[in-house]
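We name chains A, B, ... by the order of the sequence lines, and we start the count at 1 in each one.
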There are 2 protein chains.
Amino acid sequence: MRSEVDVFREFLAHKEMRFTPEREAILAEVFAEHDHFDVEELIMRLRQKGQRISRASVYRTLALLVASGLVQEVFYEDGHMHYEHIYGHDHHCHLRCLGCRSIVEFRDPAVEEAEKRIGRGHDFATTGHRLDIYGYCRQCREKKE
Amino acid sequence: MRSEVDVFREFLAHKEMRFTPEREAILAEVFAEHDHFDVEELIMRLRQKGQRISRASVYRTLALLVASGLVQEVFYEDGHMHYEHIYGHDHHCHLRCLGCRSIVEFRDPAVEEAEKRIGRGHDFATTGHRLDIYGYCRQCREKKE
DNA sequence: TTGATATTGAGAATCAATCGCAGATGAGAT
DNA sequence: ATCTCATCTGCGATTGATTCTCAATATCAA
């Protein structure tokens, strides 16, 4: 499998854009950990490694990463956007605890299949989906009792 | 089935809050049409009916409607929140065309079932889910060719 | 009617995200 | 190596949605 660096390079080349040191550093940091993150965290992590990249560039690069399909937006209920890198991972969905706000990833073939089937039924050529299941994890249930 | 008015009244009573004329008007307008809407549209519609309710009250009341379960937030990719009333409707998910941004609702028992099954598998007591399927509708596919 | 409490509206404040622009940088041509 | 020119970056200002503050108002219970 091509590395995310190659994928991003090619994506940029296709749009006649440059693979700059800033974009390279942001890409590397986004793929450095497998966790959801937001812009503030990403900037912090870059700072800690001595990278001083402006907020605007981080936003601009994230938009490119999303457009390239390497990164996905994750909707949180806290007023701003979060992200996760998805290249090289199976598609997954999120189980979200309404108590502690924790998020567990899961994969489920039946959901993948449902996407295709529902798409066919409505004459949609589907490209993907986003499923969030809400509930309460064991700890939060016990806390409530 | 109890009307949405009764449900909201009870919800407010439970929290020792009042069913004011403003809240009544907003509730009525939210349920007047079955379409996704955003705050701006809602205020516009209220204005056209002679209601002059402040933006702050609309936001505050919408939060209450969401908390009461009568209304659901719908994530759009246009930078602000959209809503739909859900009381009295089966739970449904959204098929979203990436071309024309149109949204089609659908219901699917397999998805409901998947929610339960996945919840059991992860020791989550599920309360609901949100599924968006992305793709291209027929019109947009034909346009691209 | 009175007092206690909840609610509203207006505008200020907040905060994520975007924009505009001047100067910096990079890739290819010479 | 230098020139050229389009692309990029960083800064700071701006936008725009949403929330907050607070004084004035409305409601409920006694």
Side-chain angles (χ1 to χ4, degrees), chain A residues 5 8-30 36-47 49-68 71-84, chain B residues 5 8-30 36-47 49-68 71-84:
Chain A
V5 177
F8 196 39
R9 275 201 136 98
E10 187 173 313
F11 172 83
L12 291 172
H14 183 68
K15 307 192 97 185
E16 302 191 353
M17 299 176 86
R18 296 178 188 150
F19 186 65
T20 64
E22 288 82 1
R23 289 176 181 162
E24 182 170 14
I26 292 167
L27 173 66
E29 194 52 50
V30 163
H36 297 175
F37 62 89
D38 60 23
V39 171
E40 226 48 46
E41 287 166 43
L42 184 55
I43 289 176
M44 208 77 81
R45 277 161 50 190
L46 286 163
R47 287 261 159 86
K49 303 198 177 169
Q51 301 280 357
R52 225 124 257 264
I53 297 174
S54 74
R55 194 170 304 276
S57 288
V58 172
Y59 275 105
R60 285 185 289 232
T61 302
L62 274 174
L64 292 171
L65 290 170
V66 169
S68 74
V71 168
Q72 188 175 48
E73 296 179 328
V74 182
F75 295 122
Y76 272 53
E77 258 106 59
D78 69 348
H80 63 276
M81 193 56 80
H82 292 241
Y83 303 85
E84 63 180 338
Chain B
V5 177
F8 195 38
R9 275 201 136 98
E10 187 173 313
F11 172 84
L12 291 171
H14 183 68
K15 307 193 95 183
E16 302 190 354
M17 299 176 87
R18 296 175 187 152
F19 187 64
T20 64
E22 287 82 1
R23 289 176 180 160
E24 182 169 16
I26 291 167
L27 173 65
E29 194 52 49
V30 163
H36 296 175
F37 62 89
D38 60 23
V39 170
E40 226 47 46
E41 286 167 42
L42 185 55
I43 289 175
M44 208 79 80
R45 277 161 50 190
L46 286 162
R47 287 262 158 87
K49 302 199 177 167
Q51 302 280 355
R52 234 118 279 231
I53 297 174
S54 73
R55 191 172 304 277
S57 289
V58 172
Y59 274 105
R60 285 185 289 232
T61 303
L62 274 174
L64 293 171
L65 289 170
V66 170
S68 74
V71 168
Q72 189 176 48
E73 295 180 328
V74 182
F75 295 122
Y76 272 53
E77 259 107 57
D78 68 349
H80 62 276
M81 193 56 79
H82 292 240
Y83 303 85
E84 64 180 337

Completion exercise
Sorted by chain and number, sequence neighbours left out, ring pair (Phe, Tyr, Trp, His ring centres under 6.0 Å) with F75(B) holds for F75(A)
Fill in the blank from the handout: Output for pair (E84(A) CD, E73(A) CD), nearest 0.5 Å, gives 11.0 Å
Handout entry: Nearest-angstrom distance from the residue atom CD of E22(B) to C1' of dA24(D)
Key = 14 Å
Exercise for the section: Please name the pair of heavy atoms, one in M81(B) and one in V74(B), separated by the smallest distance, quoted to 0.1 Å. Expected result: SD-O, 3.6 Å
Fill in the blank from the handout: salt bridge (Lys or Arg N to Asp or Glu O under 4.0 Å) filter on R55(A), not counting sequence neighbours, yields E40(A)
Problem - Name of the residue among T61(A), L42(A), I43(A), V58(A) meeting side chain to side chain contact (heavy atoms under 4.5 Å, CB included) with I53(A) - result: V58(A)
Exercise for the section: Kindly assign one of parallel, tilted or perpendicular to the pair F19(B) and F8(B), based on the angle between their ring planes and the thresholds 30° and 60°. Expected result: perpendicular
Nucleotide N/O to protein N/O under 3.5 Å, stretch nucleotides 5-7 of chain D:
residue : atom : partner : partner atom : Å
dA6(D)  : N3   : R18(A)  : NH2          : 3.1
dT7(D)  : O4'  : R18(A)  : NH2          : 3.2
dT7(D)  : O2   : R18(A)  : NH1          : 3.1

Handout entry: Divergence of helical axes at both termini of the helix from dT1(C)-dA30(D) to dT30(C)-dA1(D) - five pairs an end, 10° steps
Key = 30°
Practice task
Show your reasoning for whether side-chain contact (heavy atoms from CB on, under 4.5 Å) applies to H82(A) and H80(A).
Solution key: CA-CA 7 Å; H82(A) 292 241; H80(A) 63 276; 3.6 Å; yes
Practice task
Might you work through the side-chain contact (heavy atoms from CB on, under 4.5 Å) test for L62(B) and Y83(B), ending with a clear yes or no?
Solution key: CA-CA 9 Å; L62(B) 274 174; Y83(B) 303 85; 3.8 Å; yes
Practice task
Check each residue of residues 51-60 of chain A for a non-hydrogen atom within less than 4.0 Å of any atom in DNA chain D, then write out the ones that pass by number, or none.
Solution key: R52(A), I53(A), S54(A), A56(A), S57(A), R60(A)
Practice task
Measure from CG on L62(B) to C1' on dT19(D) and round the result to the nearest Å.
Solution key: 14 Å
Problem - Range on DNA chain C touched by chain A, heavy atoms, distance below 4.0 Å - result: dA16(C) to dG26(C)
Exercise for the section: Answer yes or no: does atom CD of E16(B) have more than 12 heavy-atom neighbours from other residues, nucleotides or ligands under 6.0 Å? Expected result: no
Handout entry: Separation of dA17(D) P from Y76(B) OH (nearest whole Å)
Key = 15 Å
Exercise for the section: Return the value, rounded to whole Å, for the distance between atom CD of E24(B) and atom P of dA26(D). Expected result: 17 Å
Exercise for the section: Go through E29(B) and I26(B) one step at a time and tell me if the side-chain contact (heavy atoms from CB on, under 4.5 Å) criterion holds. Expected result: CA-CA 5 Å; E29(B) 194 52 49; I26(B) 291 167; 5.9 Å; no
Fill in the blank from the handout: Heavy-atom nearest pair, R45(B) first then F37(B), reads NH1-CB, 4.0 Å
Exercise for the section: For the pair H36(A) and Y76(A), name the ring-plane relationship: parallel under 30°, tilted 30 to 60°, perpendicular over 60°. Expected result: perpendicular
Completion exercise
note: F19(B), atom CZ; dA26(D), atom P; distance rounded to Å ~ 18 Å
Fill in the blank from the handout: Separation between NZ (K15(B)) and CG (L64(B)), nearest 0.5 Å, reads 6.5 Å
Practice task
Take atom NE2 of H80(B) and atom P of dT15(D), then tell me their distance rounded to the nearest Å.
Solution key: 18 Å
Exercise for the section: Considering just the side-chain nitrogens and oxygens of T20(B), establish if one lies under 4.0 Å of OP1 or OP2 belonging to dA26(D). Expected result: no
Completion exercise
Heavy-atom nearest pair, Y59(B) first then V39(B), reads CE2-CG2, 3.6 Å
Practice task
Could you check how far CD of E73(B) sits from C1' of dA17(D), rounded to whole Å?
Solution key: 13 Å
Fill in the blank from the handout: The answer to which of L12(A) and D78(B) contacts DNA chain D further toward the 5' end, by nearest nucleotide, is L12(A)
